[in-house]
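Since the structure comes first, as structure tokens, the remarks are kept for the end.
In each ligand, atom 1 is the first atom listed, and ligand 1 is the first ligand listed. Predicted, not measured: the structure shown is a model, and the values here were computed from it. The basis for the numbers below is simple: all heavy atoms, side chains too, and nothing from hydrogens, waters or symmetry mates.
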Amino acid sequence: MQLPDEAIVYHLPGLLVPAVEEWTPAAEMRAKHFLQPHKIKDLAARLMQVRSHIATERDVKNPPPEMAPIDAGFIDYPQRTLDQFRRQPEAGVLGRVMALAARLREQVDRVVILGIGGSYLGARTLFDALKSPYHNELPAKDRHGTPRIYFEGNNADNDALHDLFELLQLTCVDPELRDERWGVVVISKSGGTIETAAAYRAVRREFAEYYGSNSPLLTQLVVPITGATGKLRDLCLADKFRDEDILTIPDDVGGRYSVLTAVGLLPAAIMGLDVRALLLGATAMTRRFFDEPFERNPVLLFAAANYLMFSECAKPIRVLSIWSKKLEALGLWYDQLLAESLGKHCTGPTPLTAVQTRDLHSRGQQHQEGMRDKFINNLVVKAPKNPPIMIGMSDKNQDDLNQFNRKGLPDVMAAALKGTNQAYYEAARPTADIVLPTLSEHTMGQLLQMLMLATVVEGRLLGINPYGQPGVEAYKRLMKAALKG
Ligand code: PA5
């Protein structure tokens, strides 16, 4: 059951042409660059059709070639996983995820997570959003049994992997001690992505050097997450992993839609996050998507505003302006989701992540006065987790801050958001706000599901298949050829 104050809302007054406005040069610009409110209302009927279409797509098993692929499995996966957990707490996906996470937490103090794209960004998002940025530096007792986490295999960067191996060699000397042991989660749906595969090969070598070649610890301290078939699975079976040691990514869930499968859930559980709350948040959002009327439906409102800004107001650049440092990785995750889902047939919005207030000091000038090609979605977390850090009084007032002594950093952030939105409004730069009541597993589950569902809705509105990424195959093919040459 979702409490109203836990629910995400989407506000769009910053992009609507006011009903009545006296003529001024700025009002004229708003009439040109903002949306006439009737445009949103006019779209409602089409959105209802798209929603029904998406509901029926969930049951399509073998789509005709012109509709393929349809990877709609992500929509019901959170609910199915929770239902299965209620029926079979140990044997289902969630039970296995929890057991494997508990095993790793018990046995190692460091976990290296290998994966790229959809097999990386979701776990990274959850780590950054919900753990301390200094997690790895915290003393063991303050990490409450959760290992340090490292992400690799998301690049072919020699020195980055080298530096990780160096760290492991310097800090892990005795493989008998839990505090000096490290484990691995290797994630690749296809099982054939070269960045991840090459990193895993190097990590296996490092593993053999530390724990001994043919050590039975391999199948204990390494957890593979992969598709039902593929080279990674074959390699693991050759390494004597049992089927139950391998977590399977469902066929009908695409890589960038897989954060709420084992791909994101196992890393989250290792980090000590409440994976059930993540899934509950996602199911609450799915329910709202299918049940809520348009005016209160964050998925449909978000898809409608963004679709209209792109297709009717000539705003090809989609800025996700994030008002919490902890959500920068969410921005990168959304960059991938949008770019790979809708960047097809020479069209599709171009995503751009900005983190505020940091990037007001870099991109702010351009967003205020540069080309009128941007639509800005603010992503705002209403309540910080920790008590406010106050400006306070000081006997040295050379910085002139005593006048704000009763204000804290959350007030500075709120004032910056208000001021920036006002400045954009006055300059006829359209904005909208996604508001999260707080940062938690439940709100993150909602947010991830909301953005995935909205991307599918937008794709269907644009006539673009949001699933599949045929374009990335070209570079992969040529890269392999270059490597052979
Ligand atoms: O969305 C996608 O499918 C891709 O971005 C993949 O996640 C990415 O290419 C990694 O693929 P794999 O999990 O097969 O290694």
### Query
Considering only heavy atoms, which of K189, R256, Q336, K476 lies nearest to atom 5 (O) of ligand 1?
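Looking at heavy atoms only, Q336 sits closest to atom 5 (O) of ligand 1.
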Which ligand 1 atoms does [X] reach within 4.0 Å, using its non-hydrogen atoms?
X	value
T193	11 (O), 12 (P), 14 (O), 15 (O)
E340	1 (O), 2 (C), 4 (C), 5 (O)
S190	12 (P), 14 (O), 15 (O)
G118	5 (O), 6 (C), 7 (O)
S119	7 (O), 12 (P), 13 (O)
S188	12 (P), 13 (O), 14 (O), 15 (O)

### Query
What do you reckon, is CG of N62 surrounded by more than 12 foreign heavy atoms closer than 6.0 Å?
no
### Query
Is the centre of the Y77 ring less than 6.0 Å from the centre of the Y257 ring?
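That pair fails the under 6.0 Å test.
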### Message
Is the shortest side-chain heavy-atom distance between N154 and E195 below 4.5 Å?
### Response
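No, their side chains stay 4.5 Å or more apart.
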### Query
Are R58 and F290 in a cation-pi setup, meaning NZ or CZ lies under 6.0 angstrom from the ring centre and within 45 degrees of the ring axis?
yes
### Message
Nearest 0.5 angstrom please: E152 CD to F165 CZ, how far?
### Response
8.0 Å
### Message
Would I116 count as a contact residue for ligand 1, given that I'm defining contact as a non-hydrogen atom of the residue lying under 4.0 Å from a ligand atom?
### Response
yes
### Task
Output yes when K189 and D251 qualify as a salt bridge under the 4.0 Å nitrogen-oxygen rule, no when they do not.
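Result for this pair is no, no salt bridge flagged.
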